[in-house]
Amino acid sequence: MSARDLNLRVWRGDGSGGDFVNYTVPVEEGEVVLDAIHRLQATQASDLAVRWNCKAGKCGSCSAEINGKPGLMCMTRLSSFEPGETITVTPMRTFPVVRDLVTDVTFNFEKARQVPAFAPPSDNKGGKFRMAQVDVERSQEFRKCIECFLCQNTCHVIRDHEENKPAFAGPRFFIRHAELDMHPLDTVDRQPMVQEDHGLGFCNITKCCTDVCPEHIKITDNAIIPMKERVVDRKYDPLVFLGSKIGLFKSTTRQQVGPAGGLGPSPIKHPAPPTPVAVPEPVKRAAAAKRTAAKQAAPAKKTTAAKKATPVRKAAAKKTAAKAASATRRRSTR
Amino acid sequence: MATQTVATQTDRPTARAAIKARHLRTDRWWVDPLITFIVFSAFVIYGTWAAFDHATVYGNGAPHQWFYSKPYLSPFYSPCFADGCPSDVNWGAVDIWHWLSPALYILIIPLGFRATCYYYRRAYYRAYWFSPPACAVAEPHTKYTGETRFPLLAQNLHRYFWYGSLIVGGVLAYDSVTAFIYTDHGYHFFIGIGSFVLLINTILIWGYLLGCHSCRHITAGRINNFSKHPLRYRWWTLVSKLNHWHRHWAWASLIWIALADLYIRLVSNGTITDVHHIF
Amino acid sequence: MAAVSNGAQSATEVHDYDVVVIGAGGSGLRAAIAAHESGARTAIVTKSLLGKAHTVMAEGGIAASMGNVWPEDNWQVHFRDTMRGGKMLNNWRMAQLHAQEAPERVWELEEWGALFDRTKEGKISQRDFGGHRYARLAHVGDRTGLEMIRTLQQRAVELGIDVYMECTITQLLKAGGAGRAGNRIAGAFGYWRETGSFIQLNAPSVVLATGGIGKSFKVTSNSWEYTGDGHALALQAGASLINMEFVQFHPTGMVWPLSVRGLLITESVRGEGGVLRNSDGKRFMFDYITDYFKAETADNEEEADRWYDDHINNRRPPELLPRDEVARAINSEIKAGRGSPHGGVYLDIASRRSAADIHKRLPSMYHQFKELADVDITKEPMEVAPTCHYVMGGVEVDADTQAATVDGLYAVGECSGGMHGSNRLGGNSLSDLLVFGKRAGESAAAYAKKSTRRPVAPVAQVNAAAEAALAPFGRKAGENAFTIQHELQEMMFSLVGIIRTGKEMKQALKDIAALKKRAEAVSVEGGRAYNPGWHTALDLRSMLQVSESIARAALERTESRGGHTRDDYPLTDPDWGKVNLIVTETPQGAVKITRKALPKMPADLAKLFEEPKK
């Protein structure tokens, strides 16, 4: 076993600023970048902030950028660099930085809430589905996702354009949409939502999401492009449009619903902002109680599809509801 | 466009790590887009010249087509149906503009197909638009709307170019069959280097056409119950396999079609002699 | 750098709930979903981001006797397998509920969007695993844990359950005052990792779902989170632990490269046909079939190989014996000098299954070895050795409600004890999380609804908790927390590891006492915002307390059984088979061991063990 010294250049700082700090740390054969960061933490910089869990490429916590390339620190082997090369480690650049290598990935959890949940047919009897293996395989590929958010981080639509964040859900949620849209038993009409609300059209298929995926999910070829093609069927293909008008193709009978998490305040909690003035205990309690009350008043908990419909979709939902009245929740077969 | 705004806590940190460098990559990330730029540019320049430089007129007034050397027809000019096409390969004249190169009537379909191809989009958005030049390398633009509005919205018409290209591809296949037949007072089996050049061209074009993402969608990608459509599923599986190598088919067919045109051009103008045998 | 100064943010934010679930792994999420569906205002608190919990590491599957592959399977067989795997030390009632309810819990996941691998008829496919008589594990390739956690996570998001991510609980709050009313749970106190600011969650019910303790051992398949927080929180709150001497060493952990030593290799490799060989190329497991399992284990390679296709007429290959048996066998082979170059034995699937099959059935194993060790498992055998994997011991709970011995406190999953006896069967963990997660969530919600007068923690208690958490900042020039953590891990692995002796464990207790002293003097550099040095300093308390519980209980139990092997008492003692060891904390903070008789199994269940063995 050969131990050697590794030169590390780590970005340290927080939202108010920061800079690169150089370190030299001993490493051994067969180690990965995260090992070097850990040794650094244990011996030289115990307050170096880094997020990690499994150290086996299964949880997707230790996402960062190594020599400018987005990757998992636990899966980036030191042997993949030239001996003597200085390795630069920075936090993911698309998300706000919390401290050092840790970023605030709330964006992704908020987007996750907006994707309507899986909705099986109403007559299902507590699972026990019959589905063929070939029919679930495509969706299974997308469920390999470990939510490291490297695809989100590397996607130039939001990496280079913060202003696109509200209108763009990112590759991770395109595969989520695709997973559910291709699910043989799902009853929700997801195609308008992925195009209109989640910005599928922003994607110019430059494939960086696929390049960085540690699970080797073919995000672009198997999810984004098929979803684009499905949207073309619905929106941009005059033949299909005409065909469905004269009854050649069945139009979709899937239901339109709103976000999984409803439109109420986010259940994703964050530290309360620093209070400059110490608040006396009773006042604070009252404030907490008010927050709780507000939360309960909000129509966050969904019960039925109709209730879940968002204002912008109400008209469309009504139309679909009327059409689907006879063939409720029947799946489109085309 | 409807946007669902879900209430979020507004006092979250928003500042990204203050790193000024546009990228920190240490590998030669620029090689890939550079090669793309050079090869595509070369193709476009050669293709434009080849499409316009279609014929010369000899002293006796008889035109000589550079794109045709019996029995080879350049794939750039196929199917040939304009006035300036040699009679052997003419599909019925469109007699409008005599001066116009026959290539220009037809090239729009294969070019449109390639221009809207999901692979080529990746390549040229990176190499020409720098959007982005490479992964995790910042793009120079201040605004980005992607394919959400005109003209890039037209990328959604890819499948129509695919339909059209299927017809063109069929004619190219026909051409590569006729490249093995010499008609001179009857039909003779003919075999020459050019015959193989065109045969390979047809194979590459079809490999590229059938691996198309739109084709994959049409075969069975659009359905969710493969198990109920075993035949379509089998097709989809085959197309998926080709699709995996779509990039390679795209490059190979692009380069080869230009070489095929060049070969026929050089034979036609007498620069080289085609080795062949007529049975 | 704008570090938050230590004093400026000491104001504690307060939230009120009916049920607070600590931990967002499989059991925590399932409990929260159940509590929410029972109408309770519910919060999930997790040290990590949502969906990163250790459950994602579970690979093999969820054991449930759905009978999709072998119609002969039913809950009684599953129950019997579980009890025998745990060497009859399991809480019979828990094992029964688990076997009975597991199928429903799996089907329910499917309704929430989980996509399991399918059989030809389109049902959920089930695979073979060690100790299970029939192919019983619902699975998705070898990433079942990920599928489960994602399904539960998405369900929780859909229901809008409040989530406090990267938030560590350091202390449970109690009502205070005299008698039983004062002894009940009032909430939990902790800090946000992001800012270091404090948070107080008031709730009459708290569900502990914090997972295991593996981080106290050097070679482990567990992540940093497995510091035994739930075990320690429960002890400090006055609850008791059970079966703490039983720690499962998974037989197959990676040994090379060093940086991934201990990383799990799923048992499915053996379930799918992989065999263990020593450096002589010998399939050595045939030499280690104990009398207990002789009747149901093949004693020759031909029969073992036939078994994969015909379970009825052949006996199981010895590679699929329960984990404790296989781990001990591997350990003996290595000790006898028949190990591989890096100190393991060989696990060979390359020579037994086609490359395509391996890719299909074990995709993450393939990637794990390819990317971390540069080994192609479709061509070469893997090097494996035992790794600390699971603690059978945990908070002592009521079988039906998962209620701990303190009112308002519940525990579920790995941090609860009793269900698995002295050894857990593979696949029983995920089903355990689901079955008892639901039960815990429901009973916690019911208890909260019942408690009309909400308990309130005295201010002094909260202040003391805050003070304790900040203490390392006040100390100067103390030791680094990471140093102590490393020493503890080394010591526990060598002295209280897979093979134990009385002498070594006495030494371990001495060492723990010394480490405790040093831990009290640890100091921290930097500020409160996302400071891993500080976090580790606080984790040490739990790790040391749990380590001491394990060592003391292991020293007390003078026999070998399941996940507890004594070199000085190598035999299983039937008298010890009737006794559980209970760990409690004395008012002075010391760990105390008491013996408790095992609950007696009713006659109709006991009969299941009398039927003639095959």
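Residue numbers start from 1 in every chain, and the chains themselves are labelled A, B, ... in the order their sequence lines are given, proteins ahead of strands. The structure displayed is predicted, hence computed values, not measured ones. Both backbone and side-chain heavy atoms feed into the values below; hydrogens, waters and symmetry mates do not.
Of the atoms belonging to A:N67, heavy atoms from both backbone and side chain fall under 4.5 Å from chain B. Heavy-atom distances place no part of A:Q133 under 4.5 Å from chain B, backbone and side chain included. For chain B, the nearby parts of A:Y236 are the backbone and the side chain; heavy atoms of each come within less than 4.5 Å. Proximity to chain B (any heavy atom under 4.5 Å) is restricted, for A:K218, to the side chain, taken from C-beta onward. If you measure heavy-atom distances from B:L152 to chain A, you find no contacts under 4.5 Å at all. Both the backbone and the side chain of A:N204 come within less than 4.5 Å of a heavy atom of chain B. Interface remark: A:D104 contributes side-chain atoms only to the contact with chain B (heavy atom separation under 4.5 Å). Only the side chain of B:Y160 comes within contact range of chain A, judged by heavy atoms closer than 4.5 Å. In this structure, chain A has no heavy atom under 4.5 Å from any part of B:I218. Heavy atoms closer than 4.5 Å to chain B are found nowhere in A:C209, neither backbone nor side chain. Interface remark: A:I158 contributes backbone atoms only to the contact with chain B (heavy atom separation under 4.5 Å). Using a 4.5 Å cut-off between heavy atoms, A:F20 contacts chain B through its side chain alone, with no backbone atom that close. Of the two parts of A:N222, the backbone and the side chain both hold a non-hydrogen atom closer than 4.5 Å to a non-hydrogen atom of chain B. Neither the backbone nor the side chain of A:T220 comes within less than 4.5 Å of any heavy atom in chain B. Proximity to chain A involves both the backbone and the side chain of B:S131, based on heavy atoms less than 4.5 angstrom apart. Only the side chain of A:K165 comes within contact range of chain B, with at least one heavy atom under 4.5 Å from a heavy atom of that chain. Only the side chain of B:H244 comes within contact range of chain A, with heavy atoms under 4.5 Å apart.
A:F95 CZ to B:T14 OG1: the interatomic distance, rounded to the nearest 0.5 Å, is 14.5 Å. Atom CZ in A:R93 sits 5.5 Å away from atom CG in B:L24 (nearest 0.5 Å).
In this structure a side-chain-to-backbone donor-acceptor pair under 3.5 Å is missing from B:R16 to A:P96. A donor-acceptor pair under 3.5 Å links the side-chain atoms of B:R159 to the main chain of A:E229, judged by distance alone.
For the side-chain contact (heavy atoms from CB on, under 4.5 Å) test with B:I19, the passing option among A:T88, A:V97, A:T90 is A:T90; the others fail.
In terms of heavy-atom pairs under 4.5 Å with chain A, the best-connected choice from B:A17, B:G221, B:S214 is B:A17. Between chain B and the residues A:I205, A:D19, A:N164, the most heavy-atom pairs under 4.5 angstrom are made by A:I205. Interface remark: of the candidates B:A138, B:A123, B:S240, B:A138 forms the most heavy-atom pairs closer than 4.5 Å to chain A. When the candidates A:E65, A:M182, A:H156 are compared by the number of heavy-atom contacts under 4.5 Å with chain B, A:H156 comes out ahead. Ranked by heavy-atom pairs under 4.5 Å with chain A, the first of B:Y125, B:Y119, B:Y118 is B:Y118. Chain A forms more heavy-atom pairs under 4.5 Å with one residue of B:A21, B:S227, B:G146 than with any other, namely B:S227.
Across all their heavy atoms, B:N225 and A:D135 have their closest contact at C-OD1, 3.4 Å. Nearest approach of A:R230 to B:N224, heavy atoms of both residues: NH2-OD1, 2.8 Å. When every heavy atom of B:T26 is checked against every heavy atom of A:E85, the shortest pair comes out as OG1-OE2, 3.8 Å. Here the closest heavy-atom approach between residue B:A136 and residue A:P70 is recorded as CB-CD, 3.7 Å. Between A:T206 and B:R126 the shortest heavy-atom distance is O-NH2, 2.6 Å. The shortest heavy-atom contact between B:A134 and A:C208 is C-SG, 4.4 Å.
Around atom OH of B:Y174, no more than 12 heavy atoms belonging to other residues, nucleotides or ligands sit under 6.0 Å away. Around atom CZ of B:R22, more than 12 heavy atoms belonging to other residues, nucleotides or ligands sit under 6.0 Å away. Applying the 6.0 Å contact sphere to CH2 of B:W129 captures no more than 12 heavy atoms from other residues, nucleotides or ligands. Within 6.0 Å of CG on B:L259 lie more than 12 heavy atoms contributed by other residues, nucleotides or ligands.
Here B:E139 does not pair with A:R159 in a salt bridge; the nearest charged N to carboxylate O distance is not below 4.0 Å. Ion pairing between B:R216 and A:D221 fails under the 4.0 Å rule for side-chain N and carboxylate O.
Side chains of A:R138 and B:F226 form a contact here, defined as non-hydrogen atoms less than 4.5 Å apart. A heavy-atom distance below 4.5 Å is not found between the side chains of B:W29 and A:K69.
Note on ring orientation: taking the six-membered ring where Trp is involved, the planes of B:Y144 and A:F202 are tilted (angle from 30° to 60°).
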* Verdict with supporting geometry, A:D233 and B:H217, side chain to side chain donor-acceptor pair (under 3.5 Å) -> CA-CA 10 Å; A:D233 275 353; B:H217 173 73; 2.8 Å; yes

* To do: Please report the C-alpha distance between A:H161 and B:T145 in whole Å, then the side-chain angles of each, then the deciding distance to 0.1 Å, and finally whether the side-chain contact (heavy atoms from CB on, under 4.5 Å) criterion is met.
  => CA-CA 10 Å; A:H161 303 279; B:T145 53; over 6 Å; no

